[in-house]
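See structure below.
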Protein chains: 2
Amino acid sequence: MEKQDKKPKRWSLEDIRDYLSQHDIRSSVYRLKIFEYLINDRTHPTAEEIYKHLKKELPAISPGTVYNTLRLFLEKKIVQLVNVEKNQFRFDATLSWHGHLKCLGCGRVFDLHIENLKLSGLEGFEIFEKHLDLKGLCPECLKRKNI
Amino acid sequence: MEKQDKKPKRWSLEDIRDYLSQHDIRSSVYRLKIFEYLINDRTHPTAEEIYKHLKKELPAISPGTVYNTLRLFLEKKIVQLVNVEKNQFRFDATLSWHGHLKCLGCGRVFDLHIENLKLSGLEGFEIFEKHLDLKGLCPECLKRKNI
DNA sequence: TATAAAATTATATTGATTATAAAATTATAA
DNA sequence: TTATAATTTTATAATCAATATAATTTTATA
C-alpha cells in the first residue's frame with residue numbers, strides 16, 4: 001500500500017483549474033469538484049459514489065453530469081479506470097504506474113507500489129495501458145474476521 | 001506472449017468429464033463443450049462468443065445455459081475472469097498466474113508470461129486474486145497500420 | 001446586450017448479465 | 001423397469017450501470 005504519511009499534496013481549486021486548462025478542459029463548478037474529490041480523497045470512487053458525495057454540497061447536481069464529466073476526463077486522459085470491479089467503473093486521478101487492491105471485506109481500494117515487473121514475449125507489441133489489480137483482505141478486515 | 005509451439009495438451013471430452021467431476025460439477029453435453037472450447041481454443045471468449053461458437057454445432061443451446069455454466073465454473077474456480085474488457089466478461093480456463101494483453105486493433109487477447117513481479121506494502125494483506133491486463137497493439141496490427 | 005457555443009438536466013434507451021418459473025433431462029431407489 | 005426427486009435447460013422478464021438524446025441553462029465573446 002502506498003505510504004500515506006508523506007503527506008500527499010492537496011490540490012486547491014486553482015491548481016485544478018490550471019490543470020484542466022492545460023488539458024483543454026473548460027472548468028465548471030462540477031468539473032472542479034469532481035476532480036478535487038478524485039485527486040484529494042483518493043478513494044477510487046464509482047460514478048455513483050462521486051454523485052452521492054457531491055450532492056451533499058451541491059444538491060442540484062445530476063448523475064448525468066458526473067458520468068459526462070468522467071467520460072470527458074477519461075478522453076482527455078487525466079483520469080484512469082480502476083478495474084477491480086466487474087460491474088462498475090472506478091476512477092483514479094493519479095496517473096503514475098501503480099496497482100490496486102480491493103478489500104473484499106470493507107470494499108476499500110488500496111494503491112499498490114510496484115517495485116518490479118518483468119514480462120517476456122512482448123517484442124513487437126506496443127503497449128498503451130497496464131493494469132494490475134488484486135483482490136483480497138486488508139489487515140483490519142483480517143483481524144476483525146479472526147476475533 | 002505465451003509460446004504456442006510447445007504444443008499445448010488438447011483435452012478430450014473424457015479428460016474434461018473427469019476434471020469436472022473432481023471439482024464437484026456434474027457433466028452435461030453443454031458443460032463439456034463449453035469447457036472444451038475454453039481450454040482447447042484459448043481465445044478468452046465472452047459468453048456471447050461461446051454461445052455463437054457452440055450454436056453451430058448444438059443449435060438448441062440457449063444463451064442462459066452459457067451464462068449459467070460460466071457462473072458455475074467461476075464458483076467452482078475452474079475458470080477465471082479476464083479483465084481486459086470493461087463491459088463484458090471474458091473467460092479463461094487456464095488458471096496459472098499469467099497476464100493478458102488485448103490488442104485494440106484486432107481484438108484478440110494474448111497470454112503474457114510474467115517473469116517477475118514484486119510489490120511492496122502488502123504486509124498483513126491476504127491476496128486471493130491477481131490480474132495483470134494490458135492494452136495495446138499486436139505486431140500484425142502495427143504492421144497493417146504502417147503500410 | 002445579443003448571439004453562439006458549451007454544459008447541464010431530465011428522460012429514455014441500451015445491453016450484458018441475472019432472476020424466475022416452467023419444461024426437459026438425469027439420477028436414484030423401490 | 002418405473003416412479004420420484006433432483007438437476008439442468010429454456011424462455012422470458014427484470015436489473016442496473018452506462019450512454020444517448022433533446023431541451024434548458026449557463027458561459028463566452030463579439
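All chains are named by letter (A, B, ...) in the order of the sequence lines, taking the proteins before the strands, and each is independently numbered beginning at 1.
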Fill in the blank from the handout: Within residues 70-95 of chain A, the residues having a heavy atom closer than 4.0 Å to DNA chain C are none
Practice task
Report, as yes or no, whether the 6.0 Å neighbourhood of atom NZ on B:K55 holds more than 12 heavy atoms from other residues, nucleotides or ligands.
Solution key: yes
Completion exercise
Here the distance between atom C1' of C:dA6 and atom CG of A:L20, to the nearest Å, is 15 Å
Exercise for the section: Return the value, rounded to whole Å, for the distance between atom NZ of B:K55 and atom P of D:dT9. Expected result: 15 Å
Problem - Same cluster (ILVMFWY, side-chain, under 4.5 Å), B:F35 and B:Y37 - result: yes
Problem - Side-chain donor-acceptor contact under 3.5 Å, B:R42 with B:T94 - result: yes
Completion exercise
Judged by nearest nucleotide, the residue sitting upstream toward the 5' end of DNA chain C, A:P63 or B:G64, is A:P63
Handout entry: Any side-chain donor near an acceptor of the partner, B:S21 and B:D18, under 3.5 Å
Key = no
Handout entry: Between B:F91 and B:F73, ring centroids under 6.0 Å
Key = no
Problem - Whole angstrom value for the distance that separates P of C:dT17 from OH of B:Y51 - result: 14 Å
Exercise for the section: Using only side-chain N and O atoms of A:T46, determine if any of them is under 4.0 Å from OP1 or OP2 of D:dA17. Expected result: no
Practice task
Can you tell me the distance, in whole Å, between the NZ atom of B:K33 and the C1' atom of D:dT8?
Solution key: 18 Å
Practice task
Give a yes or no on whether B:K86 atom NZ has more than 12 heavy-atom contacts from other residues, nucleotides or ligands under 6.0 Å away.
Solution key: yes
Exercise for the section: Kindly state whether the ring of B:F110 and the ring of A:F125 have centres lying under 6.0 angstrom apart. Expected result: yes
Completion exercise
In whole angstroms, the gap separating C1' of C:dA21 from CG of B:N68 amounts to 13 Å
Handout entry: d(CD, A:E49; C1', D:dC16) in whole Å
Key = 15 Å
Handout entry: B:D133 versus A:H131, side-chain donor and acceptor atoms under 3.5 Å
Key = no
Problem - N/O (side chain, B:S28) to phosphate O (OP1/OP2, D:dT9) under 4.0 Å - result: yes
Handout entry: Whichever of A:V66 and B:R26 has its nearest DNA chain C nucleotide further upstream toward 5'
Key = A:V66
Problem - Whole angstrom value for the distance that separates P of D:dT12 from OH of B:Y67 - result: 17 Å
Completion exercise
B:R17 CZ to C:dT26 P, in whole Å, measures 11 Å
Exercise for the section: State whether a side-chain donor-acceptor pair under 3.5 Å links B:H44 with B:D111. Expected result: yes
Completion exercise
Note, DNA chain D 5' to 3' with Watson-Crick or G-U pairs under 3.5 Å encoded as ( ), [ ], | and . gives ||||||||||||||||||||||||||||||
